[in-house]
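Only this structure's heavy atoms are used, side chains among them; waters, hydrogens and symmetry mates stay out. Reminder, nothing fancy here: chain letters follow the sequence lines and each chain counts from 1.
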There are 2 protein chains.
Amino acid sequence: MQVSLQALKAFESAARRGSFKLAAEELSLTPTAISHHISNLESRLNVNLFHRQGRRISLTGTGKRLAKATSEGFRKIDSVLEEVMKAGTAARVTTTSSLAAMVLIPAQHEFEQANPDISMEISTGESVDSQSYIIPIRFGDVSVAKDSDVIRYESFNVFGAYGMTPPSWSNEPITLFTTEWKNKSLPDPPLAAWLETNGLEGADIKLKKFDQELFGIQQAMAENGLVFCSTTLTTRLVKSNLLQQFETRPVKSDFCYYVPNKDSFETRSADRFLNWIEDILNQ
Amino acid sequence: MQVSLQALKAFESAARRGSFKLAAEELSLTPTAISHHISNLESRLNVNLFHRQGRRISLTGTGKRLAKATSEGFRKIDSVLEEVMKAGTAARVTTTSSLAAMVLIPAQHEFEQANPDISMEISTGESVDSQSYIIPIRFGDVSVAKDSDVIRYESFNVFGAYGMTPPSWSNEPITLFTTEWKNKSLPDPPLAAWLETNGLEGADIKLKKFDQELFGIQQAMAENGLVFCSTTLTTRLVKSNLLQQFETRPVKSDFCYYVPNKDSFETRSADRFLNWIEDILNQ
DNA sequence: ACGTATAGATGAGTTTAAATCATCTATACT
DNA sequence: AGTATAGATGATTTAAACTCATCTATACGT
C-alpha cells in the first residue's frame with residue numbers, strides 16, 4: 001500500500017471537522033499526529049490537500065474530492081462495523097411469550113452473570129425476525145424443524161399449584177387447563193396419549209382452553225387448579241415450589257423448540273446463548 | 001478506534017480472494033500477518049468472520065456482511081486515491097494545436113528532464129477540458145481572461161525563412177501569411193497597428209490566410225515566404241535559426257494565453273508545470 | 001498597537017503496533 | 001502412506017505511529 005489508511009482516517013476527520021485539533025480529539029490523538037499524517041499524505045500523493053492560512057486551514061479542490069470519497073467510504077465501513085460489534089456483544093432473542101415469560105426472562109440475570117461481556121435482549125410477538133442477528137426460538141412440530149436445529153423435544157404432564165391435594169382421577173370430575181394454539185396448523189397437546197400412559201382413560205375430565213400455555217399455568221397457580229402443559233415451561237416453577245408434579249408420568253410429544261438455521265449464527269454471543277439455552281432447557 | 005483499519009484491509013482482501021495466502025501476496029505481506037490481523041479482528045468484534053475447515057476457509061454470514069461493506073468502502077476510497085495520485089505525478093495539458101506543436105511538444109523533453117518525477121501529457125482539440133486535473137491553456141482576448149490567469153501577453157511581428165533576403169516593403173507587392181481564427185469572436189491579428197508602428201502604411205501587401213498560425217509559419221518556412229504572427233510561437237524557431245526576424249518592431253496585441261482559474265490547481269505537478277510554462281513563454 | 005493565547009509545523013525521541021521468523025497442525029493431492 | 005500446502009501460534013524484530021519540546025504565525029482582547 002502506498003498510503004497509510006490511518007493517515008487517510010486522520011485526513012477524513014480533519015477535513016470533516018475543519019481543524020487538526022478537533023480531528024485529534026475525535027481520534028484520541030495529538031494535533032501533532034494529525035499534522036504529521038496529513039503532510040505525509042500530501043508528500044506521498046504530491047498534492048496539497050489543505051490551504052494553510054497561518055493557523056487557519058481550508059480544503060483545496062483536490063482535498064475536497066478526496067474528503068468526499070474517504071468520508072463516504074469510511075462511513076459505509078463504520079456503520080456495518082458497529083452493527084457487527086453490537087451483534088458480538090449482545091444476544092438478541094425473539095420467541096413465544098410463554099417461553100420468554102417462564103424461562104428466558106427469569107433466567108436472564110443468570111445468563112448475564114455468567115457472561116458479563118454479553119447482554120441479552122428478549123422480544124416476543126410478531127417482530128421482524130428476519131432482521132439480521134436476531135435469534136428466533138420457535139415452537140412447532142418436529143417435522144418442520146431440521147434435527148440439528150432442535151434445542152428441546154417437548155414432553156407434557158399435569159401440574160398443580162404447590163401444596164394442593166393430589167386429585168383422585170377416578171372418583172370425581174376434574175377440570176384441566178390446556179392449550180389450543182392460536183396457530184391452527186399445530187396439533188393439540190397429547191392429552192389422550194398422556195391419559196393412556198397413566199392408565200386414566202376412564203377419567204371424567206373437563207377441559208378449559210387458553211391460547212397460550214402461559215395462561216393455563218398462571219390460572220392453575222391462581223385458583224389451585226390443574227394444568228396439562230409442557231414440562232419445559234414448568235421445570236423452574238416446580239423447582240422453586242410454585243408448582244408441583246403428582247405421581248403421573250410425562251408423555252413425549254411431537255412438539256419441540258427449535259432455532260431455524262441454528263448453525264448459521266456465528267457470533268460468539270449467539271453461540272454462547274445457544275449453548276446456554278440448550279443446557280437450561282435440558283437441565 | 002476500536003479496530004485497526006489495516007486489519008480491515010487484510011480482511012477485505014482475504015474475503016475477496018478467498019485465501020490468506022493470496023491476500024498476503026496482494027498486500028505484500030506474509031500469510032502470518034493476515035492470520036494475525038483477522039484473528040485480532042475476530043476477537044475484538046467477538047465474531048467469527050471465517051469458517052476454518054483445516055486449510056480451507058470460507059466466510060461466515062457475518063463475514064460476508066462485513067466483507068461487502070469493506071470492499072465497497074475501500075474501493076470508493078482507492079479509486080479516488082488513484083486518480084489523485086495520477087494528478088500528482090502527471091501534468092495533463094490541453095491547448096491549441098499551434099502552441100502544442102510549436103512550443104509544448106518541442107520543450108516536453110526538457111520539462112521532463114527538469115522534473116523527472118512528473119510526466120507531461122499534451123492533448124489538443126475539443127477534448128473534455130472540464131475533466132478534472134486537466135490544465136487548459138487558452139488563447140483569447142485579454143478582456144475575457146482574469147489578470148491573474150494570464151501567462152503570456154501576445155505580441156506580433158513579421159518573420160521569414162532563415163537566410164532569405166529582407167523584403168523591400170516600399171518597392172514591390174508583398175505576400176504575407178496571416179491568420180483568420182476559426183473562432184469568429186476573436187479579432188483579426190493587429191496588422192494595421194504593426195504597419196503603422198513600422199511606418200509601412202503605404203506598402204502593397206497581399207494577405208493569405210490560414211485558420212491556425214501554425215500553418216502560416218510552416219508555409220513561410222516551406223516557400224521562403226513571410227508570415228505575420230505571434231512572437232510566442234516563433235521565439236524557439238528564431239533561436240534555432242529556422243526563422244528570422246527583420247528590422248521591424250513587434251507590436252502588442254489584445255491577445256493572450258491564459259489558464260482559467262490558474263490558482264485552483266493545487267497539485268504539485270500542475271504548480272510546477274505552470275511555473276515552467278510561464279518561464280518558457282516569457283524567456 | 002501590543003501582548004497573549006491558540007493552531008499548526010517541525011524535528012527528535014519514544015512507544016506501540018505490525019510484520020516476520022520458526023515451529024506446529026491439519027488437510028489435500030499424488 | 002508420504003509430501004506439499006494453508007493456516008495457527010508464540011516469540012522476536014522492525015517500522016510505523018505517536019508524543020514531547022520547540023518554534024512560527026495569526027487571531028483576539030484590552
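Which of D:dG7, D:dA8, C:dA9 sits closest to the side chain of A:R52 comes down to C:dA9. Of the listed nucleotides (D:dA17, D:dA8, C:dT10), D:dA17 has the atom at the smallest distance from the side chain of A:H37.
Applying the salt bridge (charged side-chain N to carboxylate O under 4.0 Å, His left out) test to B:E110 and every residue at least two apart in sequence or in another chain returns B:R236. With sequence neighbours left out, A:F11 forms a ring-ring contact (aromatic ring centres under 6.0 Å, His included) with A:F50. Evaluation of the ring-ring contact (aromatic ring centres under 6.0 Å, His included) rule for A:F74 yields no partner, not counting sequence neighbours. Evaluation of the salt bridge (charged side-chain N to carboxylate O under 4.0 Å, His left out) rule for B:R268 yields no partner, not counting sequence neighbours. Qualifying salt bridge (charged side-chain N to carboxylate O under 4.0 Å, His left out) partners for B:R55, counting only residues two or more places apart in sequence or in other chains: none. With sequence neighbours left out, the salt bridge (charged side-chain N to carboxylate O under 4.0 Å, His left out) criterion links B:R17 to B:E26. Under the side-chain contact (heavy atoms from CB on, under 4.5 Å) criterion, A:S185 pairs with A:N183, sequence neighbours left out. Applying the ring-ring contact (aromatic ring centres under 6.0 Å, His included) criterion to A:F255, with sequence neighbours excluded, gives A:F139, A:F156, A:W181.
The bend of the helix from C:dA1-D:dT30 to C:dT30-D:dA1, defined by the angle between the axes of its first five and last five pairs, stands at 40° to the nearest 10°.
The separation between A:N40 atom CG and C:dT10 atom P is 13 Å, rounded to whole Å. In this entry the distance linking CZ of B:F20 with C1' of D:dT9 reads 13 Å, nearest Å. Nucleotide D:dG7 holds its P atom 12 Å from the CZ atom of B:R17, rounded to whole Å. Between the P atom of D:dA6 and the NZ atom of B:K21 lies a distance of 5 Å, rounded to the nearest Å. Computed from coordinates, the A:L5 CG to D:dA16 P distance equals 14 Å when rounded to whole Å. Look at CD1 on B:I57: it is 14 Å from C1' on D:dT5, rounded to the nearest Å. As a whole-Å value, the separation of A:L41 CG from D:dA16 C1' is 15 Å. Look at CD on B:Q6: it is 10 Å from C1' on C:dA19, rounded to the nearest Å.
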Output one line per pair: protein atom, nucleotide atom from nucleotides 24-30 of chain D, and distance, for all N/O pairs under 3.5 Å.
residue : atom : partner : partner atom : Å
D:dT26  : O2   : A:R55   : NH1          : 3.2

Grab the N/O contacts between the protein and nucleotides 19-22 of chain D below 3.5 Å, and write none if there aren't any.
residue : atom : partner : partner atom : Å
D:dT19  : OP2  : A:T30   : N            : 2.7
D:dT19  : OP2  : A:T30   : OG1          : 2.6
D:dT19  : O4   : A:H36   : NE2          : 3.3

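One side chain, B:T267 or B:S269, offers a donor N or O that lies under 3.5 Å from an acceptor on the other.
Applying the salt bridge (charged side-chain N to carboxylate O under 4.0 Å, His left out) test to every pair with at least one member in residues 116-125 of chain B, sequence neighbours left out, gives these pairs: B:R92-B:E121, B:D117-B:R272.
Side-chain nitrogen and oxygen atoms of A:S39 include none within less than 4.0 Å of the OP1 or OP2 phosphate oxygen of C:dT10.
With A:E42 contributing its side chain and A:L49 its backbone, the two residues share a donor-acceptor pair below 3.5 Å.
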